[in-house]
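Every chain is numbered from 1, with letters handed out A, B, ... down the list of sequences. Since the model is a prediction, treat every value here as computed from it, not as a measurement.
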Amino acid sequence: MSVVGIAFLSVFGVNALLRYGSGTCSECRGTHAPRGLAGSLAFLASALAAGTLHGLLMRFALRPLGLETLDPFVFALVSSASGFALALGASRLKGDFADRLAKSLDRLTPSCAIYGIALAASGLARSGSAILVASFFGALGYLAASAILDAIRERLELENLPDAFKGAPAYFISAGLLALAFHGLESMLGPMFGSLR
Amino acid sequence: MKPAPRPSRKDPVFLTAIGLAPVAIGSVCLVDSVVLGGAVAFSALAAAAAAPFARRLVERPLQRLATILVVAAAASLWSLGVRAVAPELWGRLHFWLSLAGANCMALSAAGVSSEDEDLARLPGRLVTSLLYFLSALAIGAAREILSTAAIAPFFLASGIRAGESAARPFLRIFALPSGGFIVLGVGIALARYLKRNVGRKA
């Protein structure tokens with residue numbers, strides 16, 4: 001699968017839709033997607049750091065040793081370490097923005113959205129630079145998808161739906177239809193970017 | 001017009017839906033749902049068992065990390081078991097297995113499992129995990145029937161049918177990731193409808 005495929009199908013199709021359906025997974029304690037410049041920057045930095053580290057570890061350590069099954073455990077260590085380091089770095093800076101950045105980084109550490117991006121990047125991109133590109137665009141794609149889906153979610157809450165379909169069922173069904181549209185886009189655009197692998 | 005209430009983090013249906021999301025996408029057939037549903041049920045149970053110990057034995061700043069590591073270890077253990085028993089199945093579901101484990105990690109980190117957890121609640125959590133596993137089976141079975149117009153017996157390799165569905169699909173949308181969300185959404189709506197109607201009659 002191409003890097004565009006990662007952004008459109010794996011990142012959007014898995015994590016953004018997961019967030020759309022659940023509302024809790026993008027930040028480990030929050031109920032909203034990363035918001036504002038500080039939240040978005042924290043998310044991008046975390047996804048980039050965790051995705052790249054995870055991808056390199058998968059490529060140079062876990063796969064050659066046949067230890068891919070330890071993937072979740074290794075990711076938990078990698079993301080915690082990178083999140084701690086980034087939060088520590090941000091806390092050294094002064095000002096309100098730096099405070100918000102440090103708080104956002106602390107909340108994001110074990111986010112499954114970041115893990116989805118890291119998994120997609122390490123599983124689908126082979127070279128070091130492609131993993132870096134995939135991690136960055138995966139995180140960017142997630143932020144864009146979250147913004148789009150939040151708008152649709154707010155619009156859905158005003159619709160006169162049957163009682164049984166209100167809330168989660170309507171979110172999941174509309175998410176499924178959106179994923180279908182993005183799957184079509186991925187099939188169309190993906191081959192053009194396949195060489196990034 | 002009254003907007004739909006925002007889902008509560010304590011709502012068990014809502015929490016089940018969170019857990020079901022990666023399983024719903026990855027489970028194209030019954031066997032897939034056994035593996036993925038089992039992974040989440042096992043990891044969630046590990047989180048429920050680990051949380052009280054983490055609260056008692058580990059200092060507060062490290063409690064979240066300790067719970068995450070226990071859940072990650074449980075997810076890795078399940079993945080290792082699947083790889084040993086069915087390597088082909090593991091190869092196909094590795095991504096989803098890892099993501100399901102990460103889902104549990106994020107949930108346990110969110111404090112969903114640890115805030116009110118006590119060892120006395122463990123039997124209740126076991127029942128919840130079993131019910132969750134059955135829900136995952138229902139989703140996998142529904143997708144297999146809808147995508148191939150047939151269902152393989154439980155212990156046969158129904159993953160073969162998932163492959164067949166791509167070549168000779170019945171309703172191909174249900175073999176795609178988006179089909180998982182549609183089945184999950186319709187399933188929750190159906191369960192709500194039945195619960196209300198059965199509740200009224202009783």
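Closest heavy-atom contact between D163(A) and R192(B): O-NH1, 3.7 Å. Among all heavy-atom pairs drawn from G185(B) and P169(A), the shortest one is O-CB, 3.3 Å.
At a heavy-atom separation below 4.5 angstrom, chain A is approached by S76(B), S79(B), L80(B), R83(B) within residues 76-86 of chain B.
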